[in-house]
Amino acid sequence: MKLTKTNLAALITAGLFILEYFGFGAVIFKNMWYTSPALPVLCGIAALLPVIAEITNIFIFKRRWADVTVICVSLAFALGYFFFFAYVISKLLYFLIAGKPYFITAFIFSALAFFIFLFPRLSQKAKRASAITVCTAFAFICLFGIFNATPFYVSAQPAVFAVEDEYQIAFATSHNSAAEVTVNGKTYTDSVNGQKIIRPLHKISVPSSELDRAGGYTIAVQSVILNTAYAPSKGVKISKTYSFRPVDSDDGLQIYNISDTHDVTSGPAKAGSYFGEKLDLLILNGDIISDVSSYYQISLIYKLAHKITKGGLPVIFTRGNHECNGPLAATLGEYVGCAERGFYYTVKTGEYNLVILDTNNDMSDGNPLISPIADFDRVRAEQSQWLKGLDLSGENNIIISHIAYPLSGYVSEKCHWHGWARELVSLTDNKVKLAVCGHSHVTKYEQAGSDDNRLAHFPVVRGSIRSNRYADKAGVAPYEFTGTAIEIDGKAINIKFTNAEKRVLRSIDV
């Protein structure tokens, strides 16, 4: 039997999809299995369907339209599976954002090829329809891409970040805007040197004592599509008021810790709602987003915080290693909780002092993946000097850091900054009761003296994973997540690993 060109094209396309499925699958099959053992099997059957369909068409139906259908379905499956793979390895938004110029270039060259090779062969009716379609596409690109003429709304409701003696209220709008916050009749603006900052993301600092007394605040934004030297556009104004409650330690402290959500909000938000209205403080402990390549990604931090706190409770933000990468990483502190010195600071909550550390990147400055942009050795040295001057007297200090620096994987010589990890241990040992961490995608508690925590004399908890069942087997379902509920009553600290279904998987008394 002689195969036609379309038969061959369909077989090759379907075969390449099978190679893609099992090639990428070698990396993510275990994550699919942890979500459901049926998932990799069913997807594997789906990967074989285009080849089976094409073989059936070759021997039985012999229809050219069936070949074309197999090609289109294989390409669609391949693209969809690539996006799924990117999502599982926390690189979906990176590929979409980094690929934007390539997508635009491909569109332009495709349009040129169409008009050079295909357009002259079309009928007059088809030529008219094609011209209208392409012109409409370019008009939309100019209108929405260049002039950003989109509907104006608050795209990410506020999060209130606690940083030392101030609150930093952050929120996002659908396009460029001017913004201000009013607390108890006093207005604070997002401005510098007499100019309001025009951008989609805003962070406005207010004294914590003022907001604590007021019990609420109002945000006001105005659309500014064209920010010109003279007569800038004056668009729609929006204002909204939110109630606020500071940390209330009268009935103890209820704190929820979340890390490593990697652009996902649904499961983590459900897990983070474990305490309900009793929640006093939310900790977003790093890797909330997978890199810092766009305003949209940063706004996901606000969205997750708001889903849990409704903009009415303090939030602590810790920088994770993934938040150290991307074209906006250097300016991330302008949009989230951050002190002037950097992402290391303290927050007083009742009788406890929370020490937020910036363990920054887990790669060396010379690593080709981040060189020559990285300059984290300097941050580590400056942070050590700050810690040396910090008063950690008393027993009620808790460390909040993304990477669990006291554990063996960081203090051993296998880690490129093991010297700094050991220095951090020496600067905090016998001064803190607990370290609350993330990074490892597990829910584990390491008591002082355990095999993994030999150096420090305080316990370390790592408490976030994309799973409702397992302590160290991350799945792929965005609606599954387990975080850490921390209850403090006087000197007593209780830790619970709770999932998106609000079930307690493990309880530990520190």
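The basis for the numbers below is simple: all heavy atoms, side chains too, and nothing from hydrogens, waters or symmetry mates.
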*Would you say E323's side chain and G286's backbone share a donor-acceptor pair under 3.5 angstrom?*
no
*Taking the six-membered ring for Trp, are H262 and H441 parallel (under 30°), tilted (30 to 60°) or perpendicular (over 60°)?*
tilted
*Does the salt bridge (Lys or Arg N to Asp or Glu O under 4.0 Å) test come out yes or no for E480 and R469, once each step is laid out?*
CA-CA 9 Å; E480 291 192 3; R469 293 174 289 171; 5.1 Å; no
*Any side-chain donor paired with an acceptor under 3.5 Å for N468 and Y479?*
no
*Give the ring-plane orientation class for Y256 versus Y274, where under 30° counts as parallel, over 60° as perpendicular and anything between as tilted.*
tilted
*Nearest 0.5 Å please: distance from the CD atom of E351 over to the OG atom of S249.*
6.5 Å
*May I ask you to check whether S290 and H322 show a side-chain donor-acceptor distance below 3.5 Å?*
no
*asked:* Tell me if the OH atom of Y102 is crowded by more than 12 foreign heavy atoms within 6.0 Å.
replied: no
*Donor-acceptor contact present, side-chain K502 to main-chain N499, <3.5 Å*: no
*How are the rings of F317 and F161 set to each other: parallel, tilted or perpendicular (split at 30° and 60°)?*
perpendicular
_Short side-chain donor-acceptor distance under 3.5 Å, H402 and S259_ = no
*asked:* Between V264 and R466, is there a side-chain heavy-atom distance shorter than 4.5 Å?
replied: yes
*Side chains of N494 and S507: closer than 4.5 Å at any heavy-atom pair?*
yes
*Would you check if the distance from the ring center of F95 to the ring center of Y87 is below 6.0 Å?*
no
*Could you walk me through whether N397 and K433 pass the side-chain contact (heavy atoms from CB on, under 4.5 Å) test, one step at a time?*
CA-CA 6 Å; N397 297 304; K433 296 193 71 168; over 6 Å; no
*Do the non-hydrogen side-chain atoms of Y296 and K303 ever get within less than 4.5 Å of each other?*
yes
*asked:* For a side-chain contact (heavy atoms from CB on, under 4.5 Å) check, start with the C-alpha distance between F343 and N360, then their side-chain angles and the critical distance, and finish with the verdict.
replied: CA-CA 9 Å; F343 289 96; N360 51 76; over 6 Å; no
_Salt-bridge present (E487, K496; N to O < 4.0 Å)_ = yes
*With sequence neighbours left out, what residues match T346 under side-chain contact (heavy atoms from CB on, under 4.5 Å)?*
E164, N353, V355, W386, L390
*Taking the inter-plane angle between the rings of F115 and F119 on a 0 to 90° scale, is it parallel (under 30°), tilted (30 to 60°) or perpendicular (over 60°)?*
tilted
*Verify the ring-centre separation between Y295 and Y335: is it less than 6.0 angstrom?*
yes
*asked:* Does any part of the side chain of Y345, heavy atoms only, come nearer than 4.5 Å to the side chain of I316, both counted from C-beta?
replied: yes
*With rounding to the nearest 0.5 Å, note down the distance linking CG in D251 to CG in L253.*
8.5 Å
*Would you say the side-chain atoms of Q297 pair up with the backbone N or O of S294, donor to acceptor, closer than 3.5 Å?*
yes
*asked:* Main chain of A86, side chain of K91: is a donor-acceptor contact present, judged purely on distance under 3.5 Å?
replied: no
*Flag the pair Y94 / N325 as yes when at least one side-chain heavy-atom distance between them is below 4.5 Å, and no otherwise.*
no
*Is the closest side-chain heavy-atom distance between T189 and I204 below 4.5 Å?*
no
*Show the numbers, then the answer: is there a salt bridge (Lys or Arg N to Asp or Glu O under 4.0 Å) between R245 and D280?*
CA-CA 8 Å; R245 175 173 63 80; D280 289 306; 3.0 Å; yes
*For S223 and T173, what are the C-alpha separation, side-chain angles and deciding distance, and is it a side-chain contact (heavy atoms from CB on, under 4.5 Å)?*
CA-CA 8 Å; S223 168; T173 54; over 6 Å; no
*Could you pull out all residues at least two apart from F77 that satisfy side-chain contact (heavy atoms from CB on, under 4.5 Å)?*
F17, P50, V73
*Considering only heavy atoms from C-beta outward, does the side chain of T309 approach that of V160 to under 4.5 Å?*
no
*asked:* To the closest 0.5 Å, what do you measure between CD1 (I289) and OG1 (T265)?
replied: 13.0 Å
*Does D358 reach the side chain of Q383, with side-chain heavy atoms less than 4.5 Å apart?*
yes
*Given Y167 and F244, is the side-chain contact (heavy atoms from CB on, under 4.5 Å) satisfied, shown in steps?*
CA-CA 11 Å; Y167 291 122; F244 181 81; 3.6 Å; yes
